[in-house]
Amino acid sequence: MATSQRTRREAPPPAGADVPVDAPPPAAAAAATRRGRARKPAPLAEATEPAVAETVAVADPADGAAAERAPKPARARRAPRRAAAPAPTLADAAEAAVQTAGSSAGSSAGSSAEASAVETAANPDDAAAPRPARRRKKATPAPVEALAAASADDTAQAVLAVLGAAAAVRPVDTAVAPGAPVARLDDLPVPAAGPAHSSIVLVDGDQRHVAWQPGHACPPALRQAAAQRLDDAGHLAPDDDAALPSLLRLAAEAHHPLLIDEAVWAHRAAHRDARTRLHRLELAYPDGPASAAFATLLRSPLPLFQAEGALFAVVAGRALIADERGLGKGVQAIAAARLWQRHFGVQRVLVLCAADRRAAWRRAWIRFTGVQGDDAPQVVEGGLHQRQSLWSAAAAVRILAPEALDSDAAHLADWAPELVIVDEPQQLGLRDEAWAALVAPHALVLCGAALAEQPALTRAIVGWLDRQRLGPLAALRELQAAAEAGLGLAEDDIERLTAQLSRLMLQRLRADVQGQLPPLVHGERLLVLAPGQREAHDRHLAQAQRIVGGWQRSGFLGDADQWALSLALREMQRAAHRADPLDPQSALADATVQALAAQLADWSDCGAPRVAVLCPREDDAPALAQRLAGHAAMAATDADGQPLVLLLPPGAAVPAAVDAVIQIGVPWRPRRSPAGPREAAAAGQQWVYLVAQGSLDSGLFDTLARRHDAPRCLTEGGRDYLQGERLTEWLSLVQSAIAATLADR
């Protein structure tokens, strides 16, 4: 931009106009304009007050060639000479001018006074007299890079731009009085950008990160220490426990404010707590799942893979166990709860499951832990007053159906569970608000569904579990996005994403743990007796109690009583599954058929296995086929077109190729292994019994493990009346089954 060789008379800028940054402070400017002719500026080395000795060339916006010459100002009264003060630099003058321009914004009088004193030296001893602007000197051109695009009215902003970009502009010598120190643009201070304090904040997203944000006043030592702790992505590593204390100490020593977002502490605690749980469990179980201490965790020893699942759930804190069906996810959850209670002080456990699974969960909890009475899990059900009474009582474990999340929301929030176990969420139909209502520091989801075929469900589960956004949700979204777009991932990316997801999810197939499985895995599906069934069942139960009680008192049982006891046991089982409990030839009860259909539906969600159904009577199979004709599982076939559900009569050989067996009622002596060729039967075949709650069936199932070699009476396939030790053994087992039946009430 060209500058003129002459100066012209300029009127003062209008009120509110931009002020050149080399204007003196308002007080000095007013004093200068009230005086007459100004004295000739002295060299900077001889100045008695800080002043700007150079003038700024103002380009003519009309032609850019010449500027009018200003009238010669009147001579001012000379102030008494004082001791020479250090000569101010251009940086000092510019800083004072910037402060003046900022403090006078919005004041029209102050803006006019400053604008009229662009080249006047500030001297508090000068008299106050208005004067015209003095002749402007030929000025040194300003840096073209910053001022070429600025108009005459934007001078202040242009100089600010030069100061801000001083490091990027070639230094230019400034015209100053003879003998004054020469300032270069490199020496000018860079104005502060952003806050002076430093911060450590949590960057939100599918995966949260801890970010370091140094302030412009951050000490170099603190800045360097923080930079050394940043990972490749520029974040503070989550496993660096010493990062925050170290940076806080350095900031305190330098008296530099360092602000840490509260969310950072919660995020850091999630990482630290996981490592602490791992360390504590390693001390308690030095051999991992094979540690001897696991033998006493539950009433029966756990297979290694189930102990491993329990340990994984506790270390993760919030976990998903997605094992293939039949691998005992419920047992792993109970074992994990016991670990939480034993080692980490968890006192309140909530189990959320389907309504027809609540009683089964309670029975399993009692069976594996041995808790009784007031310590037994509490099933929350019934009317409003009954539920209120239940919530007011003390309970360590509560079992709820999804409907209670709305009706009992206030009670649940007040109880504040510390561990939430969600059983098979694909069957619960939980909405987003239902997931949000399940608030607890620890969580465990059990899901046997094919998660790859239900991406929305998987996102809901992982999103709820990964509430601190430690990485699993981000990994899942990346994997699902690549799958939806049909994009392949490199092996390194797959390994990275799998590692992130494995912080939260454990999934094993039957083939992965085949060597640890027993030949059969026994399970139960509970159903509720109708009033007529309950009445008939309890009548026979009372008779059985009288006979066993007489034997206990006398030690003697005659053949007649043995036969009557055998009939009572058989009639109790018939009453539990027949539509007419007084007619053994009647059809199967609706509750039994509905429980069978529900079990088939659950398995269909997990991959439609091959299932064999053992019926109590010969004519039950064709009748069941008609009643289940509309069920999706009955229409399913394998690759060869063979049905996946087989309805078999009692005593029929079960094909070894089937994945699971459903038996109506509980037999006196369960099978030891699958029927058929031993080498063709896969270990871990699941055997599920339809059990009437609070009936002899439930008592027989609870004592199932002790009756593999139990003697049979006549009604159970025995060849004669039992005598001696065989009779005593049989009666002892009957007594145990009756006691378990009564305990299930």
Side-chain angles (χ1 to χ4, degrees), residues 306 309-310 312-313 318-337 349-365 368 377 379-381 397-405 417 419-432 434-435 437-438 440 442-465 504-510 521 523-527 594-609 611 631-633 659-660 662 686 688 690-691:
Q306 290 183 347
F312 169 83
R318 300 177 66 85
L320 166 63
I321 295 182
D323 288 345
E324 188 178 356
R325 50 148 196 88
L327 296 185
K329 294 184 289 293
V331 180
Q332 297 177 58
I334 295 173
V349 181
L350 170 68
V351 178
L352 189 72
C353 62
D356 61 348
R357 298 290 297 164
R358 289 177 298 187
W361 265 99
R362 182 180 186 275
R363 284 172 43 76
W365 206 286
F368 286 108
V379 176
V380 180
E381 59 183 349
V397 181
R398 283 192 164 103
I399 305 172
L400 277 68
E403 298 78 19
L405 295 180
L419 167 63
V420 173
I421 300 173
V422 181
D423 182 33
E424 302 297 349
Q426 75 278 7
Q427 301 173 11
L428 306 182
L430 297 178
R431 302 182 303 274
D432 292 343
W435 285 109
L438 296 172
H442 309 297
L444 177 58
V445 176
L446 311 175
C447 186
L451 294 176
E453 300 174 3
Q454 302 186 54
L457 173 65
T458 309
R459 283 194 299 271
I461 295 173
V462 175
W464 178 68
L465 291 173
L504 171 152
M505 178 178 177
L506 178 65
Q507 185 175 32
R508 294 163 296 186
L509 300 177
R510 187 181 301 271
V521 177
E524 64 179 355
R525 181 91 188 196
L526 291 183
L527 55 97
Q594 292 171 4
L596 173 60
Q599 186 63 49
L600 292 174
D602 290 351
W603 282 341
S604 295
D605 293 339
C606 301
V611 180
H631 199 282
D659 301 307
I662 300 177
Q686 196 169 5
V688 174
L690 300 186
V691 175

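- Between Lys329 and Asp423 the shortest side-chain heavy-atom distance does not fall below 4.5 Å.
- Without hydrogens or angle criteria, Arg508 side chain to Glu324 main chain gives no donor-acceptor distance under 3.5 Å.
- Leu428 contributes atom CG, which lies 9.0 Å from atom CD of Glu403 (distance to the nearest 0.5 angstrom).
- Checking side-chain atoms of Arg358 against main-chain N and O of Ala355 turns up a donor-acceptor pair under 3.5 Å.
- Between Thr458 and Leu320 the shortest side-chain heavy-atom distance does not fall below 4.5 Å.
- Residues Ala601 and His631 share a closest heavy-atom pair of N-CE1, 3.9 Å.
- Contact annotation: the side chain of Pro417 never approaches that of Val349 to less than 4.5 Å [non-hydrogen atoms, C-beta and beyond].
- Nearest heavy-atom pair, Gly328 versus Gln306, reported as atom, atom and distance to 0.1 Å: CA-NE2, 3.7 Å.
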Could you go through Ile399 and Arg357, starting from their C-alpha distance and side-chain angles, then the distance that decides it, and tell me whether this counts as side chain to side chain contact (heavy atoms under 4.5 Å, CB included)? CA-CA 9 Å; Ile399 305 172; Arg357 298 290 297 164; over 6 Å; no
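- Once rounded to the nearest 0.5 Å, the distance linking CG of Leu327 with CG of Leu446 reads 12.0 Å.
- For the residue pair Ala322 and Leu451, the shortest heavy atom distance occurs at CB-CD1, 3.9 Å.
- Nearest heavy-atom pair across Cys353 and Pro402 is O-CD, 3.2 Å.
- In the model, Asp659 has no side-chain atom that pairs as donor or acceptor with a side-chain atom of Gln686 under 3.5 Å.
- Using a 4.5 Å cut-off on side-chain heavy atoms (C-beta onward), Leu527 and Leu690 make contact.
- Contact annotation: the side chain of Val379 never approaches that of Leu400 to less than 4.5 Å [non-hydrogen atoms, C-beta and beyond].
- Side chain of Arg510 to backbone of Arg325: a donor-acceptor contact under 3.5 angstrom is found.
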Could you give me the CA-CA distance, side-chain angles and deciding distance for Leu438 and Val422, then say whether side chain to side chain contact (heavy atoms under 4.5 Å, CB included) is met? CA-CA 10 Å; Leu438 296 172; Val422 181; 4.1 Å; yes
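- Side-chain contact annotation: Asp356 with Gln594, donor-acceptor N/O pair under 3.5 Å absent.
- Using a 4.5 Å cut-off on side-chain heavy atoms (C-beta onward), Val688 and Gln599 make contact.
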Evaluate the criterion side chain to side chain contact (heavy atoms under 4.5 Å, CB included) for residue pair Trp435 and Leu405; output intermediate values, then yes/no. CA-CA 10 Å; Trp435 285 109; Leu405 295 180; over 6 Å; no
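- The minimum heavy-atom distance between Trp361 and Ala333, with the atom names listed, is CH2-CB, 4.1 Å.
- Gln427 places a side-chain heavy atom less than 4.5 Å from the side chain of Asp602.
- Closest approach of Cys447 and Glu424 over heavy atoms only: CA-OE1, 3.6 Å.
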Derivation of the side chain to side chain contact (heavy atoms under 4.5 Å, CB included) call for Leu350 and Ile421: CA-CA 6 Å; Leu350 170 68; Ile421 300 173; over 6 Å; no
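- In this structure, Val420 and Leu444 have side chains that are not in contact, with every pair of non-hydrogen atoms separated by 4.5 Å or more.
- Both the sub-6.0 Å distance and the 45° axial angle are satisfied by Arg318 relative to the ring of Trp464.
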